There are 2 protein chains.
Amino acid sequence: MARLADPELAERRRRQIMDAAIACFRRRGFHQATMAEICAEARVSAGALYRYFSSKADIIGAIAEDKRGDNDQAFLRAAEEQGFVPAMCLAARGFFEKFSEGDGSLIADIFSEAIRDDTLAAPLRKSDAQSVKIFTRAVEAAQQRGEIDARLDPEAVTDTLFAALEGIGLRRAFRRDIHTEAAVSQFRALAERFLEPRK
Amino acid sequence: MARLADPELAERRRRQIMDAAIACFRRRGFHQATMAEICAEARVSAGALYRYFSSKADIIGAIAEDKRGDNDQAFLRAAEEQGFVPAMCLAARGFFEKFSEGDGSLIADIFSEAIRDDTLAAPLRKSDAQSVKIFTRAVEAAQQRGEIDARLDPEAVTDTLFAALEGIGLRRAFRRDIHTEAAVSQFRALAERFLEPRK
DNA sequence: ACCTGAACACCGTTCAAGT
DNA sequence: ACCTGAACACCGTTCAAGT
């Protein structure tokens, strides 16, 4: 990538290309969508695109990094107002809705690219770790309020809940199951029993 | 695909190609591995390969179908001898070990291909449903023995445990976390609390 | 500096020709 | 019937030339 002079133009172009790419990936999936399509949708030439992104994988990486953490702050507020499990279910609903709208395979694609390509995975791990940190704080607060068993390790709880969320979402996308509320109930049943304090 | 005369030769060729493909996918991932590499590894020409598989996706579909359910019978026996959770953790260990050996991204690839491509997904859904059925029977037996809360829906339990297993495996592959035993413990903690009968 | 678009390299798939 | 491998179609990326 060449040196960029105007950071504001660069930011605008990156958004323009990412938005076009999101539209294309939604329609056809990461591997089916072609760079030519993305260029047409973004109304830039191939050469221009490669000025702002070093590869196709780089685009999906930027999209993933951009989207993650969007709802972290909303979750924190909800956790304090309504309690941890209801807030977590709210977050789960948002997540499952995205899957049903066709982002399901996009998330699977991101996983598979990130697992294979370390230069793509590194920044994603960083923003994932940030989300984990935020949710972990909410777990600790809920433990102090007695909502979550105090013997559970807060960070392990977060990671397990994220894994369950992603696993349920993937399996539903795989089965073409579009009943979002059923998925939320499934997740809630798991979370309640997992977190519940024991005598 | 042309009509095949000798079913035994056909089966041998398919195995030969699938084994070569597994080796290539392990080394370089589904999308990085080329058909030329698979042909070289299997010592057949491109034309010969396409006599037995209709596409690259078809190969990964056959591999997934072939591998799934390998351990279902072993699990059933273990569930009766040692109880449900220990047997499930044994299955989990086997699953996580595969992830650590580099099949992690392969499973992510299978998910992402299957979510996008319905002709690939259909047979996979069928064999997945069979595994679910087998594990569901074990859940019912464990409920009658009082190991699992009788109020839980057996099939939902199975699906949730599968989702957790796959989610934990994917996240660990994503984080380059190779501590299999830690993953098993994480899964066991979740499963025990999820399934435990309540007063 | 920023952009264009033709050219390049590569790869999945097909098919005419061989045994 | 079964196979070969060159040819084809396509796509991610680069780069010489333009403003």
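This one's a predicted model, so the numbers in the text were calculated from it and none came from an experiment. Just so we're on the same page: letters track the sequence lines, and every chain starts at 1.
- With R176(A) contributing its side chain and I115(B) its backbone, the two residues share a donor-acceptor pair below 3.5 Å.
- Within 4.0 Å of A57(A), counting heavy atoms only, lies no atom of the nucleic acid at all.
- As rounded to whole Å, 11 Å separates atom P of dT4(C) from atom CG of L49(A).
- Closest approach of E196(B) to R198(B), counting heavy atoms only: O-NE, 3.1 Å.
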Under the side chain to side chain donor-acceptor pair (under 3.5 Å) rule, what do E113(B) and H31(B) come out as? Steps first, then yes or no, please.
CA-CA 10 Å; E113(B) 294 299 312; H31(B) 291 288; 3.1 Å; yes
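- Side-chain proximity of Y52(B) to dC3(C), dC2(D), dG12(D): nearest is dC2(D).
- Stacking of R171(A) on the aromatic ring of F162(B) is not recorded, the 6.0 Å distance cut-off and the 45° axial limit not both being met.
- Taking only side-chain atoms of V44(B), from C-beta outward, the nucleotide of dC11(C), dC3(C), dT4(D) with the closest atom is dT4(D).
- R51(A) has no side-chain polar atom (N or O) that falls below the 4.0 Å cut-off from OP1 or OP2 of dT14(D).
- Here R43(B) lies out of heavy-atom contact (under 4.0 Å) with every strand.
- Contact record, S55(A) with M35(A): C-CE, 4.4 Å, taken as the closest heavy-atom pair.
- When the nucleotides dG12(D), dG12(C), dA1(D) are ranked by their closest atom to the side chain of Y50(A), dG12(D) comes out on top.
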Show me the dot-bracket string of DNA chain D, counting Watson-Crick or G-U pairs under 3.5 Å, with | for pairs to another strand and [ ] for crossing ones.
||.|||||...|||||.||
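- Following rounding to the nearest Å, K56(A) (NZ) and dC11(D) (C1') show an atom-to-atom distance of 8 Å.
- For the 3.5 Å distance criterion, the side chains of T136(B) and T158(B) qualify, holding a donor opposite an acceptor.
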Protein N or O to nucleotides 5-7 of chain D N or O, pairs below 3.5 Å:
residue: dG5(D); atom: O6; partner: G47(B); partner atom: N; Å: 3.0

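- The side chain of M35(A) approaches dG12(D) more closely than any other nucleotide in the set dA1(D), dC3(C), dG12(D).
- Atom CD1 of I17(B) is separated from atom P of dG12(C) by 15 Å (rounded to the nearest Å).
- Sparse packing is recorded around CD of Q130(B), with 12 or fewer heavy atoms of other residues, nucleotides or ligands lying under 6.0 Å away.
- The nearest whole Å value for the distance from the CD atom in Q32(B) to the C1' atom in dC11(D) is 14 Å.
- The distance between atom CD of E8(A) and atom C1' of dA1(C), rounded to the nearest whole Å, is 16 Å.
- The CG atom of L9(B) sits 13 Å away from the P atom of dA1(D) (whole-angstrom rounding).
- Between the side chain of Q143(A) and the backbone N or O of L152(A) there is at least one donor-acceptor pair closer than 3.5 Å.
- Within the 4.0 angstrom heavy-atom criterion, no nucleotide atom of any strand lies near A10(A).
- If you take CG of D58(A) and C1' of dG12(D), they are 14 Å apart, rounded to a whole angstrom.
- Separation of the F25(A) and F30(A) ring centroids falls under the 6.0 Å cut-off.
- Straight-line distance from the NE2 atom of H31(B) to the C1' atom of dG12(C): 13 Å, rounded to whole Å.
- Dashed line: the shortest gap from a side-chain N or O of R13(A) to OP1 or OP2 of dC2(C) is not under 4.0 Å.
- Expressed to the nearest 0.5 Å, how far CG of D109(B) lies from CZ of R116(A) amounts to 7.0 Å.
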